[in-house]
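Following: one structure in C-alpha cells, then a few remarks.
Below, chains carry the letters A, B, ... as their sequence lines are ordered, and counting in each starts from 1.
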Protein chains: 2
Amino acid sequence: MSHFAHLSEENYLKALFKLSSKQVKKVNNIALAKELDLNPATVLEMVRKLSDRKMVQLMPDKTIHLTEKGRKKALLTIRKHRLWEVFLVDKLNYQWSEVHELAEQLEHIESEDLVNRLDAFLGFPASDPHGDPIPDKNGKLTQVQLIPLKEVELGKTYIVQSFAETADSFLDYLSKVDIRPAIKIKILDRNEYDQSLIVVINKKQLHLSEKVAKNILVKP
Amino acid sequence: MSHFAHLSEENYLKALFKLSSKQVKKVNNIALAKELDLNPATVLEMVRKLSDRKMVQLMPDKTIHLTEKGRKKALLTIRKHRLWEVFLVDKLNYQWSEVHELAEQLEHIESEDLVNRLDAFLGFPASDPHGDPIPDKNGKLTQVQLIPLKEVELGKTYIVQSFAETADSFLDYLSKVDIRPAIKIKILDRNEYDQSLIVVINKKQLHLSEKVAKNILVKP
DNA sequence: GGATTTTATTTGGCATGCCAAATAAAATGT
DNA sequence: ACATTTTATTTGGCATGCCAAATAAAATCC
C-alpha cells in the first residue's frame, strides 16, 4: 500500500510535541519510549530515520528536538486529530470521552484538502471536545494559559479547559462526575494533608484527589 | 501499530468480490494480480494467508472463491467505502469523480459502530454517488434489478452489468464486439421477426441476435 | 507429439516497524 | 573511587507486504 506509508511518523512527532510542551523533563530516547509504550531500541531506530528526514534534531546531550518541519507536521496531525474528534462528537453523537481511539485512526488520513473542508463543515471550531485548541491550517496554535486544578486559589471559580492525562479510566471517571471542558468549577476547600480538593460542579459538591486535580487544567 | 493490521486483506477481498460479480472469466491468481496491479507471487502468498484465515477457498482448478466469511467482510468494506463517498460528496462538497482515492483510505477505519453512525448521519442512503447500492450493516446487498437485454425498451440507454452465460464462445464474442460490464449500450431498434436488436456501443452500431440479447444483463 | 507460450510457484531480497537480549556508556550512590 | 543502576546502543529476529528472477507445470500452437 502506498497509503499509510510512514504511518508511525505522525505518532512519534505528536508524542515529541506533547513531551516538549510539558517540558517537565528532558525529551530523550527513554522518555519517548515511555510515552509511546515502545521498546527503546525501536524508538532509537525510528528517531534516526526522523533525523534523516529532517523532522528532528539529535542534540549532543542525547535529547531529541523537533525541527520546524517536524513541529509543523506534528501540529497538522494534531489539527487533524482534533477536527475529527469534533466531527465524531458534533455530528455522530459520540461522547467526548470515547472519541480518542477513533481519532487516532482518522488522523492518519492523508489529505490537506479533506481536513480543511472538514474544518469548514464543522464551522471552524476553536477547540476540540476536550477543550484543546485546534491549530490552524498553517499549523499555528493559539495557546491559552492553563492552570492545573491542583494550583488554583480557594474560593474562586474556574472554567475547565482540558486534561493532562488521556487514559480511558481517567476520562471515564470525569464523565461519571460530569467534569468536561467548558464546565464551571468552584474551589471550596483544600485538605492540606493529602492535597485533595472540595469543589462544586453543577451545584453538587465533589471531592477530588490530588492525582485527579493535577490532571485537570482550568483557566480563570 | 495495531491499527491497520492486515490492511491489504480488505483490498484483496474487495477485488475478489468485484471479479466474482463480473464473472467474465474464472477468478484465478493472474486475474487477481491484474485487478490489484500486483506481482503474481505477492498475490499467491496473500491468497494463501486469506485461505488460512478462512476468507477464501482455493479450488482444485486454481480458482479462488470467497467463503461466506470473506464475502461478508468484502461487503462490509464496500459498505464503508460507499458511505464515506456519500459523506465526501454530500457533506464536504466533493465531486463524485474525485472521492474514490479518499474513500480508499477511509474504508480502512476499523469501527462497525462508526460506520453505522455515519450511515444514520447521512440519512441511510441507498446508493453511493456513482449509483452503486450500499450494503446494509449485515453485509446484505440489495441488488439492482437486472434486465436481460432482450426485454429492454427501444430508444433507451442501459449499462451492462453481467452475463447469464459463461461459455467461452459467448465470452469471446462479447470481447470481440467490446461488450463488457459497465459499458453503455443504447437500444436503437428491434426486429420483430427474429427478435434481434440494433444497438450502439462506443458510437458503433451493432446487430445482436435474440440468443445473445437474452444472455446480456443490464440495468437502467 | 514436440515446441512455445502462458500460468503457477519457489526463491531470495527489500522496506517498514516492531521486540528481546546483550553490551557499552553514563550517571548515581556510598 | 568503585559499585550499581540507569540510559544508550547494537545485534539478531519477527511479521506484514511487496518485488524480480528462476523454475516448474499446464495449456496452446503447429
Out of [options], which nucleotide sits closest to the side chain of [X]?
X        : options                   : value
Thr42(B) : dT10(D), dT16(C), dC18(D) : dC18(D)
Ala41(A) : dT10(C), dA21(C), dG17(D) : dA21(C)
Asn28(A) : dC18(C), dG17(D), dT7(D)  : dT7(D)
Leu44(A) : dT11(C), dT9(D), dG17(D)  : dT9(D)
Met46(A) : dC18(C), dT7(D), dT11(D)  : dC18(C)

More than 12 heavy atoms of other residues, nucleotides or ligands under 6.0 Å from CG of Asp37(A): yes or no?
no

Any ion pair linking [Y] and [X] (charged N to carboxylate O, less than 4.0 Å)?
X         : Y         : value
Lys204(B) : Asp178(B) : no
Glu112(A) : Lys137(A) : no
Lys14(B)  : Glu104(B) : yes
Arg79(A)  : Asp136(A) : no

Respond yes when some side-chain nitrogen or oxygen of [X] is under 4.0 Å from OP1 or OP2 of [N], and no when none is.
X        : N       : result
His6(B)  : dA15(D) : no
Tyr12(B) : dC18(D) : yes
Ser8(B)  : dC18(D) : yes
Arg48(A) : dA8(D)  : no

I need the [atom1]-[atom2] distance between [X] and [N], as an integer number of Å.
X        : N       : atom1 : atom2 : answer
Leu32(B) : dT9(C)  : CG    : P     : 13 Å
Leu7(A)  : dT16(D) : CG    : P     : 16 Å
Asn29(A) : dT10(D) : CG    : C1'   : 13 Å
Asn39(B) : dG13(C) : CG    : P     : 17 Å
Lys26(A) : dA26(C) : NZ    : P     : 12 Å
Leu38(A) : dT16(C) : CG    : P     : 17 Å
Ile30(B) : dA8(C)  : CD1   : P     : 5 Å
Leu50(A) : dG17(C) : CG    : C1'   : 12 Å

Taking any strand in view, what nucleotide pairs with dG29(C) in a Watson-Crick or G-U wobble way, both distances under 3.5 Å?
dC2(D)

Please give the nucleotide sitting opposite dA22(C) as a Watson-Crick or G-U wobble pair, both distances under 3.5 Å, or none.
dT9(D)

His108(A), Glu107(A), Glu10(A) screened by side-chain hydrogen bond (donor to acceptor under 3.5 Å, both in side chains) with Lys80(A), the one that passes
Glu10(A)

Given DNA chain D, 5'-ward residue of the pair Asp37(B) and Lys49(B), judged by closest heavy atom:
Lys49(B)

Return a table of donor-acceptor pairs under 3.5 angstrom between the side chains of residues 86-95 of chain A and protein atoms on other chains or two or more places apart.
unit_1	atom_1	unit_2	atom_2	d
Tyr94(A)	OH	Asp113(B)	OD2	2.9
Tyr94(A)	OH	Leu114(B)	N	3.2

Taking the six-membered ring for Trp, are Trp96(A) and His130(A) parallel (under 30°), tilted (30 to 60°) or perpendicular (over 60°)?
perpendicular

Does any residue of residues 55-64 of chain B have a heavy atom under 4.0 Å from DNA chain D, and if so, which ones, in number order?
none

